[in-house]
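Notes follow once the structure below has been shown.
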Amino acid sequence: RDLAKVAEFPADALPAGELVNVAFGDASQGSPGFTVQTFIEEASPLSVRLRTAPDAPWVELARPTARIVGTAAHQLVLTAPSRVAQGRPFDLHVRVEDAWGNPARLDAMVVLALPGAGPVRVPASGWTRVAVTLSEPGFHRVVAEVAGAPALRAVSNPIEVVDGAFAEQLYWGDLHA
């Protein structure tokens with residue numbers, strides 16, 4: 001569904017060469033502002049179109065984009081392969097999200113509840129990969145938290161640690177993001 005903001009001017013109200021300024025999101029004069037998508041996306045395009053008469057076709061003049069920036073950190077997410085070899089490192093994906101699932105900035109350190117794991121700094125991109133090793137066979141979950149922020153606590157998907165080689169690798173992921 002497309003959302004449209006339409007401005008109509010009487011035929012004689014806008015002389016040739018006159019500028020029209022449109023501000024989106026400025027609530028200082030009572031505007032409700034402008035909200036972009038509520039799903040993960042790096043940029044939100046805005047089609048600027050002109051129609052010179054009621055029966056004329058719309059002509060796209062420009063297509064600027066608004067960069068999507070995550071808001072405050074709302075949740076911590078951990079994902080890992082579903083099956084790993086005992087004692088072999090694998091990548092744990094650590095992601096910080098805002099309330100809409102966009103990558104969010106986090107200045108505090110993430111602490112993994114694993115022996116020998118140091119604190120993890122998540123860069124401004126909102127995610128990082130950390131090499132992790134599990135030494136005991138069986139099923140495990142990695143737990144992480146941010147000190148002083150009880151809402152920022154995460155538990156990974158189940159990870160099966162097997163002794164020796166295995167024929168198939170299982171992974172978790174978000175295929176549409």
Side-chain angles (χ1 to χ4, degrees), residues 1-3 23-28 31-46 63-177:
R1 172 181 97 134
D2 284 341
L3 298 177
F24 290 97
D26 180 6
S28 66
S31 167
F34 182 69
T35 302
V36 295
Q37 299 83 313
T38 57
F39 56 89
I40 301 171
E41 192 166 40
E42 291 180 1
S44 177
L46 173 66
R63 195 170 186 81
T65 58
R67 188 171 65 99
I68 306 300
V69 178
T71 59
H74 177 74
Q75 76 174 0
L76 194 58
V77 179
L78 302 176
T79 51
S82 293
R83 186 177 297 135
V84 299
Q86 178 182 359
R88 302 222 27 204
F90 63 90
D91 282 342
L92 175 70
H93 189 250
V94 180
R95 185 173 72 238
V96 181
E97 296 178 347
D98 70 5
W100 300 111
N102 295 302
R105 187 177 190 99
L106 179 66
D107 294 326
M109 301 296 275
V110 175
V111 177
L112 300 177
L114 288 171
V120 176
R121 172 149 324 271
V122 178
S125 64
W127 65 274
T128 190
R129 287 190 177 98
V130 179
V132 172
T133 304
L134 296 174
S135 57
E136 295 296 321
F139 286 90
H140 302 270
R141 290 180 184 260
V142 177
V143 176
E145 60 185 20
V146 175
L152 295 178
R153 181 181 187 277
V155 179
S156 75
N157 56 281
I159 306 164
E160 181 185 15
V161 178
V162 297
D163 182 13
F166 43 89
E168 294 180 342
Q169 180 64 286
L170 302 175
Y171 293 95
W172 287 67
D174 188 350
L175 302 179
H176 67 275

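Every heavy atom of this structure was used, including side-chain atoms; hydrogens, water molecules and symmetry mates were not. The model shown is predicted, which means the values in this text are computed figures rather than measured ones.
- Taking OG1 from T79 and CD1 from I159, the interatomic distance works out to 9.5 Å, rounded to the nearest 0.5 Å.
- Under the salt bridge (Lys or Arg N to Asp or Glu O under 4.0 Å) criterion, R129 pairs with no residue, sequence neighbours left out.
- The minimum heavy-atom distance linking S82 with N157 is given by the pair OG-ND2, 4.0 Å.
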Stepwise side-chain contact (heavy atoms from CB on, under 4.5 Å) test for V84 and V132: CA-CA 10 Å; V84 299; V132 172; over 6 Å; no
Indicate every side-chain donor-acceptor pair of residues 135-148 with a distance under 3.5 Å to a residue at least two apart or in another chain.
| from | atom 1 | to | atom 2 | distance (Å) |
| --- | --- | --- | --- | --- |
| H140 | NE2 | E136 | O | 2.7 |
| R141 | NH1 | S156 | O | 2.9 |

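- The shortest non-hydrogen separation linking G126 to P103 is CA-CB, 4.1 Å.
- For the residue pair V161 and A85, the shortest heavy atom distance occurs at CG1-C, 4.4 Å.
- Counting heavy atoms from C-beta outward, V130 and D91 have side chains that stay 4.5 Å or more apart.
- Within the 3.5 Å criterion, the main-chain N or O of Q75 finds no donor-acceptor partner in the side chain of R153.
- Atom OG1 of residue T71 and atom CZ of residue R105 lie 13.5 Å apart, to the nearest 0.5 angstrom.
- Taking the side chain as every heavy atom from C-beta outward, F90 and L134 approach each other to under 4.5 Å.
- H74 is linked by a ring-ring contact (aromatic ring centres under 6.0 Å, His included) to nothing, counting only residues two or more places apart in sequence or in another chain.
- Using a 4.5 Å cut-off on side-chain heavy atoms (C-beta onward), L152 and L106 make contact.
- More than 12 heavy atoms of other residues, nucleotides or ligands shown are found within 6.0 angstrom of CZ on R63.
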